[in-house]
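Counting convention: from 1, in listed order, for ligands and their atoms alike.
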Amino acid sequence: MSNCAIVGINWGDEGKGRMVDLLTEKYDVVVRFQGGGNAGHTVINEKGKFALHLLPSGIFRNGVVNILGNGVALDPENLWNEMNQVMSQGVSLTPENLKISDRASLLLPWHRDLDELEEQRLADKKYGSTKQGIAPFYSDKYQKKTILAGELFYPEELKAHLRDLMEWKNLTLTKVYGAEAYTEEKLDRWLQDCCEKIKPYVSNTGAFLKQAQKEGKNILFEAQLGSLRDLDYGICPYTTSSNTTAAYAPIGSGLPSAKLDEVVGVVKAYSTCVGEGPFVCEMFGDEAEELRKAGFEYGAKTGRPRRVGPIDIVATRYGVEVQAATAIALTKLDVLSYMDKIPVCTHYILDGEQTDDFPFPTALKNAKPVIEYFDGWQCDVSAVRKWEDLPEQARAYVDFIEKQIGCPIKYISVGPERESIIIR
Ligand code: GDP
């Protein structure tokens, strides 16, 4: 038996979905343990191209059981739409290969409204939310003001619970934001149109995982976003509202007794960041546009152009430490092939001093990047499958990153397809 978490080291969008899709070959169960439908995991395999938001990236492998754990923000409406989309592309989803934890809390319809209303109120001070209702959802979860998926099996109690929550939430909607109040009819429709559809997939996944552990099954824990977006360890307040770190995997998956044997941290060969907040190594102008185009850096969920920059060693080293990564998957190395000189942010300057420590969030906006340049390889590496076949300059670039971040780079991805990988 072996347990492995696949997590993001930076700001998210590192290519975790692609790595989960690749590595699920060795696993029996894949669990999403945090976050919600604001993720955008792109997976390309023999079944086609998929943009997954909430579904675990193991759904393409026959025999793999996929679980949405208690730590996720379970949006029944978005999940049902996503399931239909994936099924229309020929992927089979049944209660046997997709299981929803009965302890997962439901993202309620007003969470999305509140996300939008609060970003509007913040105007130019907005956090850059994807407006999927994730922050209002998690704050309500911690106030114990939401519904567990398992409550769908208790319709009478559920209706009364939902009515109480609606009365409470209408106070905020109408009195704070001047928005429209929810009605019982609207919620009944939501229960019927969305919740009833996903109900057959809801079960006691904690018991399932415990049994899987007993039988020595291999379990893969799939994270959303990255270290720098972690609620506790990220760049507050430009984080997400859950813990994106491997340490949370046992709690959010429903297997609190799980020990992680391996943590694969996914790092992109350059940096990208969606939304607001300090981004020390950010590139601007034509240089940024060229990299954005080469890497096709536009959000999978929102289509927003991603902010781009060179790999940031200071942030990445911090991200590796926060995740306690045991191996790194370096993705999108092929994207850098057009560069003559490859920039790397090796240190920060803060208050006139050079530093390798990732600064406190408030100080981060004052940090300036120290940029060093590496020779580019300027040839297509997307067909390379062996380390020794990579150009010398590419190997020097990878070796340098590995040494600086202090974690072995075991996988090097040179294309979005499943097989475009070098394993060292
Ligand atoms: P995730 O949220 O961490 O799964 O990352 P995303 O799916 O948002 O972003 C990764 C994007 O890069 C997707 O469009 C992938 O298909 C693509 N991708 C992943 N690895 C590689 C790679 O090695 N090379 C190239 N060119 N694209 C990649």
Side-chain angles (χ1 to χ4, degrees), residues 5-24 30 32 34-60 82 130 132 134 220-230 240 244 246 264-275 291-308 311 316 319 323 325 328-339 380-385 390 394 397-398 401 409-423:
I6 298 195
V7 293
I9 295 294
N10 304 103
W11 290 263
D13 305 317
E14 298 95 344
K16 293 174 294 295
R18 177 249 185 288
M19 288 309 299
V20 176
D21 178 61
L22 174 79
L23 296 177
T24 41
V30 178
R32 268 285 304 268
Q34 47 79 226
N38 53 340
H41 294 177
T42 311
V43 175
I44 302 174
N45 55 34
E46 78 284 356
K47 295 192 170 153
K49 181 173 178 176
F50 302 88
L52 299 181
H53 302 295
L54 194 54
L55 287 172
S57 307
I59 50 160
F60 307 105
E82 186 180 340
T130 53
Q132 296 296 307
I134 307 298
L220 191 64
F221 300 88
E222 178 181 11
Q224 179 219 8
L225 290 165
S227 310
L228 307 175
R229 298 295 193 204
D230 181 88
T240 193
T244 59
V264 177
V266 188
V267 175
K268 207 180 273 189
Y270 51 95
S271 301
T272 61
C273 165
V274 174
L291 180 53
R292 188 175 298 119
K293 277 206 183 113
F296 198 70
E297 295 298 347
Y298 303 90
K301 182 79 194 177
T302 58
R304 288 188 288 188
R306 292 174 182 153
R307 298 158 75 190
V308 297
I311 193 164
T316 304
Q323 296 287 15
I328 295 296
L330 187 72
T331 61
K332 298 191 113 171
L333 189 71
D334 54 303
V335 171
L336 301 182
S337 297
Y338 75 92
M339 289 185 176
D380 183 10
V381 293
S382 59
V384 176
R385 298 290 175 267
L390 272 177
Y397 181 71
V398 175
I401 296 168
I409 297 178
K410 187 168 166 191
Y411 307 93
I412 300 162
S413 173
V414 289
E417 305 80 15
R418 192 183 271 171
E419 63 283 0
S420 304
I421 196 90
I422 297 167
I423 302 178

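Contact check for M19 versus I421: side-chain heavy atoms found under the 4.5 Å cut-off. When side chains are defined from C-beta on, F221 does not count as touching V7, because their heavy atoms never get closer than 4.5 Å. You'll find the side chain of Y397 reaches within 4.5 Å of the side chain of I311, heavy atoms only.
Side-chain contact annotation: R18 with S413, donor-acceptor N/O pair under 3.5 Å present.
Looking at T42 against ligand 1, both its backbone and its side chain come within 4.0 Å, counting heavy atoms. Neither the backbone nor the side chain of V43 has a heavy atom within less than 4.0 Å of ligand 1.
For K293, the NZ atom is loosely surrounded, since the number of other residues' heavy atoms within 6.0 Å does not exceed 12. Heavy-atom neighbours of F296 CZ from other residues, nucleotides or ligands within 6.0 Å: at or below the threshold of 12.
The shortest N/O to N/O separation between T331 and ligand 1 does not fall below 3.5 Å. In terms of N/O distances under 3.5 Å, ligand 1 is not approached by V335. Annotation: I44 places no N or O atom under 3.5 Å from an N or O atom of ligand 1; distance criterion only.
Less than 4.0 angstrom separates some heavy atom of S413 from each of these atoms of ligand 1: 20 (N), 21 (C), 22 (C), 23 (O). Within ligand 1, counting atoms from 1 as listed, the ones closer than 4.0 Å to a heavy atom of G17 are 4 (O).
Here atom 12 (O) of ligand 1 lies nearest to K332 when heavy atoms of K332, R18, R306 are compared.
Across R307, R304, K268, a single residue satisfies salt bridge (charged side-chain N to carboxylate O under 4.0 Å, His left out) together with E297, and that is K268.
For the pair G12 and ligand 1, no heavy-atom separation below 4.0 Å is found. Using a 4.0 angstrom heavy-atom cutoff, E417 does not count as in contact with ligand 1.
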